[in-house]
Amino acid sequence: MLFFVDTANLDHIREATELGILDGVTTNPSLMAKEGISGVEPVLNHYRKICEIVGPGRDVSAEVISTDYEGMVQEGKKLAQLHENIVVKVPMTRDGVKAIAHFTELGIKTNCTLVFSAGQAILAAKAGATYLSPFIGRIDDMSWDGIELIKEIVEIYTLQDFDTSILAASIRSPLHIVQCAKAGADVVTCPLSAITGLFYHPLTDIGLAKFLADHKKANS
Ligand code: E4P
C-alpha cells in the first residue's frame, strides 16, 4: 500500500518525505487556500515546489477548478506539462469522466476525486482513471461506513480486473489507515498527523526506556 500525504503545506510535505516512507502527495483547492495560495501563477509555482520536494517518481495530484469538459481538458493539460510528477485530479461528474477518458487517451495520469459510491467507482475505472479517490472520512461523518465502500470497490475492481488504483482519501486517523490496509486499498492519502500517529505505542516507549536504563546500569 502506498502512502500519500494529503496537504499543500510544504513543511508537512518535507517532514513526510524525510520519514522515508512517502510515495506521493494529494492536494485540493481547499488545502491550497488553507496555505494562502491564490492566483494562477502562485498555484502553479506551489505545485512545482511540491514536486521538487518529493523528488522523482512520486505522484502529486493537482486538481482542476473548471467544471466543464473543455475547461478541464485545457487546465489539465497545463497542469500535466508543469512537471512529470503531476497527476490531474478531476471531480466525479459527467464532464469529469469524459475529461478523464480524454486524458487516458493522451497518456496523462488522472485521479478521480469526490467519489462516494461503487457506481461512481465503476465509471471512473471505465474511463481509465489512474487513481480513484473515495472519501471515507466524509462518509463516516454522515454516520455511514467509509471502509465498507473501500471493501466494495476492492471486490468489484478485483472481479472485473480494473487497472485503476484505489486511493482511500479523507482519512481522519491512524485507525483508518490500518482499516484501509486490511480492506485492500492500493493507496492511502492522509494528513501527516494520521501517519505519525501510527508510530505511537506506550509499550514501545516503556520498553525502550527499560532497555536504556538496563544498559546504563550495566555500563556504569
Ligand atoms: C483527497 O484527495 C482530498 O484531498 C481529501 O482527502 C479530502 O479530505 P477531507 O474530507 O478531510 O477534506
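One-based numbering, in listed order, for ligands and for the atoms of each.
Salt bridge status for Lys109 with Asp59: present, with a side-chain N to carboxylate O gap under 4.0 Å. Salt bridge annotation for Lys151-Glu148: present, with a cationic side-chain nitrogen under 4.0 angstrom from a carboxylate oxygen. The pair Arg14-Asp11 meets the salt-bridge criterion, since a charged nitrogen lies less than 4.0 angstrom from a carboxylate oxygen.
Scanning all protein heavy atoms for the shortest distance to atom 4 (O) of ligand 1 gives Asn28 ND2, 2.7 Å. Among protein heavy atoms, atom 8 (O) of ligand 1 sits closest to Ser170 CA, 3.4 Å. Shortest contact from atom 7 (C) of ligand 1 to any protein heavy atom: Phe135 CE2, 3.7 Å.
With a 4.5 Å cut-off on side-chain heavy atoms, Phe4 and Leu2 count as touching. Using a 4.5 Å cut-off on side-chain heavy atoms (C-beta onward), Ile166 and Pro134 make contact.
Distances between N or O atoms of Lys89 and those of ligand 1 include at least one value under 3.5 Å. Any N or O atom pair closer than 3.5 Å counts here, and Thr189 shares no such pair with ligand 1.
For ligand 1 and Arg138, the ligand atoms under 4.0 Å from any heavy atom of the residue are 7 (C), 9 (P), 10 (O), 12 (O). When each atom of ligand 1 is checked for a heavy atom of Asp6 under 4.0 Å away, the hits are 1 (C), 2 (O), 3 (C), 4 (O), 5 (C), 6 (O), 7 (C), 8 (O). The atoms of ligand 1 that sit less than 4.0 Å from any heavy atom of Arg172 are 9 (P), 10 (O), 11 (O).
For the residue pair Thr26 / Thr189, a side-chain donor-acceptor distance below 3.5 Å is found, with atom types taken as modelled.
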